[in-house]
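We number each residue from 1, following the sequence as shown.
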Amino acid sequence: MVSGKPSASPVRGTPHITTDPAHGGRWTSLRAGGREWLWHRDEPRRPSVVPGDDFADAGGLEECVPTVRGVPDHGDAWSRAWRRDGDTESVDCPDFRLERRISAGEGRAVVGYRLTAEPGYRFLWAAHALLDLSEGARIGIPDGAPVRVYPDGGDGWTPAVWPAVGTTGGLDRLGPDDGTAVGAVVSASAVYVHDGPAALRFAVEAEGQPVSIALWRNLRGFPDDRPYRSTGVEPMLGRVFDLASAGDGDAARVPRGGEVRWRLTVAAEAQAQTGTESGANQ
């Protein structure tokens, strides 16, 4: 299924990203710090999806744009074939064009994005990364960050502050399966994921646009008929899951020049270096 290739030759300590342009541009591998971080599941529908299909969750990292929830399900880009031209990958959707360029070096990978559309076009974007984490994994975001907690699959949310202990029992820790599934959008631009001796860091930068970290903590609470365990840690543009429910300032907006650029940085770091960033996780 993988038709992509690593973004750069392996360098010690530098993340390697493998993508599959033919199948939605999905990231099929993220190796960093001596381990694979992306989680996968067998989903026979995934290779043959077409635009408008219900989301086919095969794991990895999906590019969700212009929405995550709502219509189209998980956005319009994951179900379309992308193209590779040199070191740039792109997809054309009805209302926009999305390009990305992945580079790696000096202990990090940087993904540069460019979305072009009519001025005023509003959108959400999420790097919908489903991670292969143990029950003891911890999510590092500074204490006190505003959180919007989504208790179910709808667009209603409850305000909280990180790590939202009173609302969720603590979003910073996973733990064993308990039959729950909860989403959250945190007002933060960076997140650490600690799992044993390894730590992964995501950071998103977008001048003049709202940025957040979305979380999906599914401890075998979803879907109702055949629940499974999955954990999403998702840098995003926007502050809600469903574009249709976005209020003022909740979505990215294309300016007069007709394009929005942003950058996602991925790095593997020693856990001892992350103490000041982990907030309640220490």
Side-chain angles (χ1 to χ4, degrees), residues 1-4 18-30 37-82 89 91-96 98 100 113 115 122-133 148 150-157 180-185 202 212-246 251-252 264:
M1 177 177 175
V2 175
S3 60
T18 304
T19 65
D20 185 1
H23 298 93
R26 185 168 70 104
W27 298 23
T28 56
S29 177
L30 169 56
W37 285 92
L38 295 181
W39 168 88
H40 299 275
R41 68 185 288 265
D42 182 28
E43 173 47 87
R45 295 187 301 118
R46 184 62 184 87
S48 58
V49 296
V50 296
D53 281 355
D54 290 340
F55 186 58
D57 187 5
L61 184 153
E62 301 277 15
E63 304 279 3
C64 294
V65 58
T67 192
V68 182
R69 297 180 178 178
V71 180
D73 189 6
H74 282 70
D76 216 6
W78 73 273
S79 58
R80 299 175 184 271
W82 292 46
E89 296 174 340
V91 61
D92 288 308
C93 296
D95 297 319
F96 63 89
L98 179 64
R100 72 182 177 202
Y113 290 90
L115 183 142
R122 300 175 80 221
F123 68 96
L124 307 174
W125 163 84
H128 182 66
L130 294 177
L131 303 182
D132 187 7
L133 302 176
R148 296 179 176 184
Y150 290 76
D152 53 36
D155 59 11
W157 54 270
T180 65
V182 61
V185 178
F202 287 128
S212 303
I213 302 295
L215 302 174
W216 171 240
R217 192 184 70 179
N218 176 22
L219 305 181
R220 291 193 182 274
F222 176 88
D224 291 337
D225 54 346
R226 300 181 65 182
Y228 55 87
R229 183 185 179 99
S230 59
T231 304
V233 179
E234 311 173 22
M236 71 180 297
L237 301 190
R239 299 191 179 103
V240 293
F241 282 124
D242 188 345
L243 181 62
S245 68
L264 172 64

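- Within the 4.5 Å cutoff, the side chain of Arg229 has heavy atoms near those of the Leu219 side chain.
- Residues Phe241 and Tyr150 place their aromatic rings such that the two centres sit under 6.0 Å apart.
- Side chain of Thr67 to backbone of Arg69: a donor-acceptor contact under 3.5 angstrom is found.
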Test Trp37 against Leu133 for side-chain contact (heavy atoms from CB on, under 4.5 Å), laying out the working first.
CA-CA 8 Å; Trp37 285 92; Leu133 302 176; 3.8 Å; yes
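- Here the closest non-hydrogen pair linking Phe55 and Arg45 is O-NH2, 2.8 Å.
- Shown here for Leu61 and Ala129, the closest heavy-atom pair between the two residues is CD1-CB, 3.5 Å.
- Within the 3.5 Å criterion, the main-chain N or O of Cys93 finds no donor-acceptor partner in the side chain of Arg80.
- With hydrogens and angles ignored, the 3.5 Å screen pairs no side-chain donor or acceptor of Ser79 with any backbone N or O of Val49.
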Checking side-chain contact (heavy atoms from CB on, under 4.5 Å) for the pair Val240/Leu124: CA distance, chi angles, key distance, verdict?
CA-CA 8 Å; Val240 293; Leu124 307 174; 4.1 Å; yes
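- Side chain of Trp82 to main chain of Gly24: a donor-acceptor pair is present (N/O by atom type, distance under 3.5 Å, no hydrogens or angles).
- Note that the CG atom of Leu38 and the CG atom of Leu131 stand 6.5 Å from one another [nearest 0.5 Å].
- Scanning all heavy atoms of the two residues, the minimum distance from Gly238 to Ser212 falls at O-OG, 2.7 Å.
- Ala181 and Asn218 make their closest contact through CB-OD1, 3.6 Å (heavy atoms, listed as atom of the first residue, atom of the second, distance).
- No side-chain donor-acceptor contact under 3.5 Å links Arg239 to the backbone of Ala246.
- Although no hydrogens or angles enter the test, the distance criterion places a donor-acceptor pair under 3.5 Å between the side chain of Trp78 and the main chain of Asp73.
- The closest side-chain heavy-atom distance from Asp95 to Asp76 is not below 4.5 Å.
- Proximity of Arg46 to Glu62: side-chain heavy atoms (C-beta onward) are separated by under 4.5 Å at one or more points.
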Run Phe202 and Val233 through side-chain contact (heavy atoms from CB on, under 4.5 Å) and show every step you take.
CA-CA 9 Å; Phe202 287 128; Val233 179; 4.1 Å; yes
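- Separation of atoms CD (Glu89) and CG (Leu98) is listed at 10.5 Å; rounding is to 0.5 Å.
- For the pair Gly25 and Thr19, the tightest heavy-atom approach, listed with the atom from each and the gap, is O-CB, 4.3 Å.
- Contact check for Val182 versus Arg217: side-chain heavy atoms found under the 4.5 Å cut-off.
- In terms of modelled atom types and a separation under 3.5 Å, the side chain of Arg41 and the main chain of Tyr228 share no donor-acceptor contact.
- Proximity of a side-chain donor or acceptor of His40 to a complementary backbone N or O of Thr28 within less than 3.5 Å is detected.
- Heavy-atom minimum distance, Pro47 versus His23: O-CD2, 3.4 Å.
- Between the side chain of Arg26 and the backbone N or O of Gly59, at least one donor-acceptor pair lies under 3.5 Å.
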Under the criterion side-chain hydrogen bond (donor to acceptor under 3.5 Å, both in side chains), I'd like the reasoning laid out for Trp39 against Ser230: C-alpha separation, chi angles, the key distance, then a yes or no.
CA-CA 8 Å; Trp39 168 88; Ser230 59; over 6 Å; no
When you look at Tyr113 and Trp125, which way does the side-chain contact (heavy atoms from CB on, under 4.5 Å) test go after all the steps?
CA-CA 10 Å; Tyr113 290 90; Trp125 163 84; 3.6 Å; yes
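- Using a 4.5 Å heavy-atom cutoff, the side chains of Val185 and Trp157 are not in contact.
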